[in-house]
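When reading the values below, keep in mind they use all heavy atoms of this one structure, side chains included, and skip hydrogens, waters and symmetry mates.
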Amino acid sequence: GSTMARALQAAGLDVVVRDQAVVPRHKVCAGWITPGVVDALSLDLGDYGGSRVLQPITRFRTGVIGGPSLETEYGRPVSYGILRCEFDAYLLRRSGAEVQEGARVERLERAGRDWIVDAAARAPLLVGAGGHFCPVARHLGARRERDPVVVAQEIEIRLTAAQQRETAVQGDTPELYFCADLKGYGWAFRKG
């Protein structure tokens with residue numbers, strides 16, 4: 001949504017981003033971005049990493065839970081560790097759009113060639129970027145209840161100095177471990 005807002009702003013349109021959340025917000029999704037994402041979003045790594053977590057990843061350790069692991073070294077950054085709450089907030093602010101936080105979309109109507117949002121805002125173009133529960137997608141008839149359920153659980157904790165000394169996980173080497181049936185996985189990733 002932020003990337004689309006930025007592109008529309010750059011094309012000279014007045015853009016409003018409406019989000020029921022207040023940013024920064026926690027989102028269980030991703031712990032890193034790839035160089036392809038950096039390029040696609042035209043991210044200035046120096047600017048972004050100046051005051052936010054941006055951890056170069058040059059290798060991965062992978063394995064099956066309880067089994068042996070394999071370390072793969074790439075010799076260059078193949079991803080960058082981020083905090084998703086910082087990343088989303090950065091992209092939203094960078095978009096240049098007017099941001100309405102804590103504003104849930106309750107009602108959408110079509111009036112000729114325009115969209116009317118909650119009987120208050122009118123626009124010729126409406127972009128839905130609300131993910132699985134997007135009100136625009138629902139309005140247009142998407143029925144998500146048939147989609148398979150994906151469960152994710154995440155925790156990010158700040159380590160004490162003692163914990164940092166005792167932790168075997170290295171900052172440039174996330175560890176990914178898969179269940180033997182490949183129906184689940186877990187990872188440990190030391191950032192910062």
Would you say the side-chain atoms of T173 pair up with the backbone N or O of Q170, donor to acceptor, closer than 3.5 Å? no

Using modelled atom types only, decide if a donor and an acceptor are shared between the side chain of E175 and the backbone of T62 within a distance under 3.5 Å. no

Residues in side-chain hydrogen bond (donor to acceptor under 3.5 Å, both in side chains) contact with Y48, at least two apart in sequence or another chain: none

Are side-chain N/O atoms of [X] and [Y] paired as donor and acceptor at under 3.5 Å?
{"X": "D47", "Y": "Y90", "value": "yes"}
{"X": "Q100", "Y": "E98", "value": "yes"}
{"X": "T72", "Y": "R59", "value": "no"}

Going through the distances and angles, do F60 and W32 end up as a ring pair (Phe, Tyr, Trp, His ring centres under 6.0 Å)? CA-CA 12 Å; F60 283 91; W32 54 74; 5.5 Å; yes

From CA spacing to verdict: side chain to side chain contact (heavy atoms under 4.5 Å, CB included), V99, D19: CA-CA 8 Å; V99 178; D19 197 320; 5.9 Å; no

Output yes when E101 and R93 qualify as a salt bridge under the 4.0 Å nitrogen-oxygen rule, no when they do not. yes

Pairing residues for [X] by the salt bridge (Lys or Arg N to Asp or Glu O under 4.0 Å) criterion, not counting sequence neighbours:
{"X": "E86", "answer": "none"}
{"X": "E106", "answer": "R104"}
{"X": "R18", "answer": "D118"}
{"X": "D44", "answer": "none"}

Inspect the surroundings of CG in D39 and state if more than 12 heavy atoms from other residues, nucleotides or ligands are less than 6.0 Å away. yes

Atom pairs and distances, side-chain donor-acceptor, residues 108-116, under 3.5 Å, sequence neighbours left out:
{"residue": "E109", "atom": "OE2", "partner": "R107", "partner atom": "NE", "Å": "3.1"}
{"residue": "E109", "atom": "OE2", "partner": "R107", "partner atom": "NH2", "Å": "2.7"}
{"residue": "D114", "atom": "OD2", "partner": "R122", "partner atom": "NE", "Å": "2.9"}

